[in-house]
Amino acid sequence: MGRSPQSSSQTPDQGAARRPSRARGIPEATVARLPLYLRALTALSERSVPTVSSEELAAAAGVNSAKLRKDFSYLGSYGTRGVGYDVEYLVYQISRELGLTQDWPVVIVGIGNLGHALANYGGFASRGFRVAALLDADPNVVGSTAAGLPVRHMDELESIVESQHVSIGVITTPPGAAQQVCDRLVESGVTSILNFAPTVLTVPDGVDVRKVDLSIELQILAFHEQRKAGEEPDHTESVLDRAPGPVRAAAAKLRRAAGGSGKGRAEAAAKDQAEQAKGKTAKGGEGDLSAVMPA
């Protein structure tokens, strides 16, 4: 799909002469930050802020100003010394670079809770995306509606992709069905896929996949919360030292049976006794773990 022609009402591309060749390309890391800049610039535009400095924009986007200036150099936009960047011009320039100056038809496959939520998300239209169709294979779901659109059967996928010129597919199916859905999307001509299913998809060359795994993001947040709470793991401890009491007690028995001498044996015996005492007072299902450990 080609870019739509620039309308006469759009801001003229003053940086075109300075823009690096398309053949040279823009680094992937820069591409990943462009939506962050666009979000910050859009917020400024909505507040009628005419210009912004690199430091202010970098802070709003969560990057450092040197990295921001380097990223913008790939777009051919260097701002004006002492004035900063023109907000409206940068909104247009980044939107065009991201391909958002046209509508991108999108199909969502898998209309469960997450599929419904995405279908009802109001931010797609304002960011250059149009939900062209909702698809599912479940006869209990097909025929229902979400966000005013009917849920159509997967058998219609190929005809929808062709008639609506769809190049982006969103997968929100259970993990077991995701690869099969991905294969059908690719075979029908879809070349970009946003995958919400917790599984890795295999695609041929020329097809781009972006994965959104909410559980992984939560695990990363848990890591940072642990650090903020001052609960950093003690790296002098072994995995067994952080295991439940009965597991540590059984491991201590194994160490003692394996032998050792002097202080090491005495420490192991003392630790064994202490952990056995803890295990006797422990409540819940942990007391059953020792039954599956060697004695």
Side-chain angles (χ1 to χ4, degrees), residues 1-7 9-10 34-36 38-43 45-47 91-92 94-96 98-199 201 203 207-215 217:
M1 295 175 63
R3 300 279 179 87
S4 58
Q6 178 179 309
S7 67
S9 62
Q10 290 176 316
L34 291 181
L36 304 179
L38 182 59
R39 181 175 59 189
L41 286 162
T42 301
S45 176
E46 290 172 350
R47 294 180 357 232
V91 167
Y92 161 71
I94 294 176
S95 296
R96 190 188 61 175
L98 290 172
L100 304 182
T101 53
Q102 69 176 65
D103 284 334
W104 292 97
V106 175
V107 293
I108 301 176
V109 182
I111 313 302
N113 291 333
L114 180 55
H116 267 277
L118 289 175
N120 282 285
Y121 175 56
F124 283 138
S126 63
R127 288 168 172 81
F129 301 95
R130 173 176 59 85
V131 178
L134 308 176
L135 298 167
D136 205 292
D138 186 346
N140 295 319
V141 176
V142 174
S144 63
T145 60
L149 291 173
V151 179
R152 300 164 71 174
H153 197 277
M154 275 293 293
D155 290 345
E156 299 184 61
L157 171 63
E158 289 76 13
S159 62
I160 290 171
V161 169
E162 181 179 3
S163 63
Q164 298 285 336
H165 305 290
V166 174
S167 58
I168 300 176
V170 180
I171 297 177
T172 55
T173 65
Q179 184 62 58
Q180 182 180 4
V181 168
C182 175
D183 293 342
R184 287 195 60 182
L185 285 168
V186 172
E187 289 168 4
S188 67
V190 171
T191 53
S192 293
I193 294 172
L194 180 61
N195 177 34
F196 283 88
T199 188
L201 299 177
V203 296
V207 176
D208 295 308
V209 176
R210 299 288 296 182
K211 180 173 174 55
V212 180
D213 193 319
L214 301 180
S215 64
E217 299 303 322

Say whether, by atom type as modelled, one donor and one acceptor occur between the side chain of N195 and the main chain of T199 under 3.5 angstrom.
yes
How close do M154 and A137 get, counting heavy atoms only, and between which atoms?
CG-N, 4.0 Å
Under 3.5 Å donor-acceptor, S45 side chain and L41 backbone
no
Taking I160's backbone N and O only, do any of them form a donor-acceptor pair with R152's side chain (distance below 3.5 Å, no angle check)?
no
Rounded distance (nearest 0.5 Å) linking atom CD1 of I193 with atom CD1 of I171:
5.0 Å
Decide if atom CD of Q180 counts as having more than 12 heavy atoms of other residues, nucleotides or ligands within a radius under 6.0 Å.
no
Taking T191 for the side chain and I168 for the main chain, is one N or O donor matched with an acceptor at less than 3.5 Å?
no
P175 versus A197, closest heavy-atom pair with distance:
CA-CB, 4.2 Å
Going through the distances and angles, do L135 and V181 end up as a side-chain contact (heavy atoms from CB on, under 4.5 Å)?
CA-CA 10 Å; L135 298 167; V181 168; over 6 Å; no
Inspect the surroundings of CG in D155 and state if more than 12 heavy atoms from other residues, nucleotides or ligands are less than 6.0 Å away.
yes
Please say whether more than 12 non-hydrogen atoms of neighbouring residues, nucleotides or ligands are located less than 6.0 Å from CD in E158.
yes
Smallest separation among heavy atoms of S95 and V91, with atom names:
OG-O, 2.6 Å
Greater than 12 external heavy atoms within 6.0 Å of R130's CZ
yes
Hey, what do you get for CG (D136) to OG (S144), rounding to the nearest 0.5 Å?
8.0 Å
Looking at V166 and A132, what are the two nearest heavy atoms and their distance?
CG2-CB, 4.2 Å
Checking side-chain contact (heavy atoms from CB on, under 4.5 Å) for the pair V131/L118: CA distance, chi angles, key distance, verdict?
CA-CA 9 Å; V131 178; L118 289 175; over 6 Å; no
Considering non-hydrogen atoms only, spot the tightest contact between V190 and V207 and give its length.
O-CG2, 4.4 Å
